[in-house]
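A short worksheet on the structure shown next.
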Amino acid sequence: MALIASLNPLLTTGWSRGDAGWRLRDYEARGGYVQLRRLFNDKVSQDDLIAEVKKSVLRGRGGAGFPTGLKWSFMPRAFPGDKYVVCNSDEGEPGTFKDRDLMRFDPHSVIEGMIIAGYAMGAQRGYNYIHGEIFDIYERFEEALDEARAAGFLGNRILGSDFSFDLFAHHGYGAYICGEETGLLESIEGKKGQPRYKPPFPASYGLYGKPTTINNTETFAAIPFILAMGGENFLGLGKPNNGGTKLFSVSGHVNRPGNYEVPLGTPFSTLLEMAGGMRGGRKLKAVIPGGSSAPVLPAEIMMNTTMDYDSIAKAGSMLGSGAVIVMDETTCMVKALERLSYFYFEESCGQCTPCREGTGWLYRVVHRIEHGEGRPEDLDQLNRVTDNIMGRTICALGDAASLPVRSFINHFRSEFEYHIENKTCLVDPAVQRAGSGFFRVEAT
């Protein structure tokens, strides 16, 4: 997916040339690596750098929305041994496809952001963990690293300074669980990608047992722009507590699916209009605003909501990674939930019993409702299973599997009840075939 349109473009300024504009020379022509040079020329202190990031109120773009500057301040800079900066590019959640385009069209913005982060936290090495199913992006990022290294932006005594930092790409293997930060660290270390118990947290015991800070691809890519325009100006692009612009991956029943960069606080209706409106002129039925793990919201709520962390949370969902899945009136909500439940059932690492067994229960119960074998007690059973999963697992995958189930039943209960009572779908199958098609469940 490429960019279709943007408002106040920052991260997407280099995307207009597509595959022709990602090289080092192109990035430098757009002002790339100027901020890295300024750190050394102006002798910017680590404290001042972190303070500027805090002013921007840049919140983590990978899903949790935690303030980036605050996260950087947790790194024990006085620690005498190795410290690491890690980029989470394991973009494996359904509906999300922004990070791969960032690395496809502007990999050097991610590299510069990671070097600056290393400088701010006194880290000597960095790793970019790239999702296993986008190997072409991994290869491009490796080429960009070679360019940066040859130009003196990576390695010993960068640009003649006293600061040394090197960066490596790590190719994942397509496991969704490795998007969890400690599962990612385990994978880099060559172990099975399973989440760790916390505490200790990565800031004190991370990669190879050393202090580590992990941020998302888009988060790192925003850093050079924050330094160029100033933290307060970056914050001013968005709204209080929601600084800057955000990439939204819009998919589903829209005329122009793709990545859109807009200021945080932009109305959903504006984003939908930028994506060409509803496909075939049909009515909007529901939206998952933050990736498949976010609770679904019905049309009447979404059309009165702005796209920022706090507003989406107030509406009852999460902004997450910014993956906006749009569903029109032809969508069978039971079939949609069956597809999502199957994904989390397949992707559970199996380490925690509530998740390993519970995700299987969720999928099987929804599956039988969809296939005309539902029972009147099934909806209460689904809610009981989610109660037994949420908050009882090492990582958030159990919650990610449970939240869609709860929200689908909460907002569209009558549709589930119709399935159970009539052994068929409320939405005519012919209408579904005409309009839907992006929710498909593998044979079991």
So, [X] and [Y]: side-chain donor and acceptor under 3.5 Å apart, yes or no?
X      : Y      : answer
Glu91  : His131 : no
Ser187 : Tyr129 : yes
Ser311 : Asp308 : yes
Asp48  : Ser45  : yes
Glu147 : His108 : yes
Tyr27  : Glu112 : yes
Thr182 : Glu180 : yes
Asn215 : Asn88  : no
Trp15  : Asn259 : no
Thr219 : Thr68  : no
Tyr138 : Glu142 : yes

> Are Ile226 and Gln35 close enough, and set up right, to give a side-chain contact (heavy atoms from CB on, under 4.5 Å), and what steps lead you there?
Replying inline: CA-CA 10 Å; Ile226 290 171; Gln35 299 310 311; over 6 Å; no
Any non-hydrogen side-chain atom of [X] less than 4.5 Å from a side-chain atom of [Y]?
X      : Y      : value
Met121 : Lys83  : no
Lys285 : Pro298 : no
His253 : Leu284 : no
Phe135 : Ile130 : no
Lys54  : Pro67  : no
Asn128 : Phe220 : no
Pro295 : Arg406 : no
Leu235 : Lys55  : no

If you look at every heavy atom in [X] and [Y], which pair is closest and at what distance?
X      : Y      : answer
Gly95  : Ser251 : CA-OG, 4.3 Å
Pro289 : Val324 : O-CG2, 3.7 Å
Asp90  : Tyr176 : OD2-O, 4.0 Å
Pro354 : Asn388 : CB-O, 3.6 Å
Arg279 : Asp328 : O-OD2, 4.4 Å
Thr217 : Cys87  : CA-SG, 3.6 Å

Looking at [Y], is its backbone amide N or carbonyl O close enough to the side chain of [X] to form a donor-acceptor pair, meaning the two atoms are under 3.5 Å apart?
X      : Y      : answer
Thr331 : Met333 : no
Asn242 : Lys239 : no
Ser161 : Arg157 : no
Glu347 : Ala175 : no
Lys246 : Met307 : no
Thr305 : Ile301 : yes
Arg17  : Ala20  : yes
Gln351 : Gln194 : no
Arg61  : Arg59  : yes

> With ring centroids as reference points, do Phe234 and Phe225 lie under 6.0 angstrom apart?
Replying inline: no
> When the ring centroid of Tyr260 is compared with that of Phe248, is the distance short of 6.0 Å?
Replying inline: no
>> Apply side-chain contact (heavy atoms from CB on, under 4.5 Å) to residues Tyr208 and Leu185 and explain how you reach the verdict.
In response: CA-CA 8 Å; Tyr208 304 118; Leu185 296 179; over 6 Å; no
>> Looking at Phe40, I'd like to know if the NZ or CZ of Lys43 sits under 6.0 Å from its six-membered ring centre while staying within 45 degrees of the ring's axis.
In response: no
>> Can you tell whether the side chains of Lys198 and Glu181 come within less than 4.0 Å, N to carboxylate O?
In response: yes
>> Between Glu189 and Arg196, does any side-chain N to carboxylate O distance fall below 4.0 Å?
In response: yes
> Is atom CD of Glu28 surrounded by more than 12 heavy atoms (other residues, nucleotides or ligands) closer than 6.0 Å?
Replying inline: yes
> Around Glu232, counting heavy atoms of other residues, nucleotides and ligands shown, do more than 12 lie under 6.0 Å from its CD?
Replying inline: no
> Where do Lys98 and Glu261 land on the salt bridge (charged side-chain N to carboxylate O under 4.0 Å, His left out) test, with the steps shown first?
Replying inline: CA-CA 10 Å; Lys98 64 182 177 66; Glu261 184 183 8; over 6 Å; no
> In terms of ring plane angle, is the pair His171 and Tyr173 parallel, tilted or perpendicular, where the classes change at 30° and 60°?
Replying inline: perpendicular
>> salt bridge (charged side-chain N to carboxylate O under 4.0 Å, His left out), that's the test. Do Asp146 and Arg149 meet it? Break it down for me.
In response: CA-CA 5 Å; Asp146 288 341; Arg149 202 169 282 116; 3.6 Å; yes
> Should Val262 and Thr270 be marked as a side-chain contact (heavy atoms from CB on, under 4.5 Å) after you check the CA-CA gap, both sets of side-chain angles, and the distance that decides it?
Replying inline: CA-CA 10 Å; Val262 300; Thr270 300; over 6 Å; no
>> For the OG atom of Ser407 and the CE atom of Met318, what is their distance to the nearest 0.5 Å?
In response: 9.0 Å
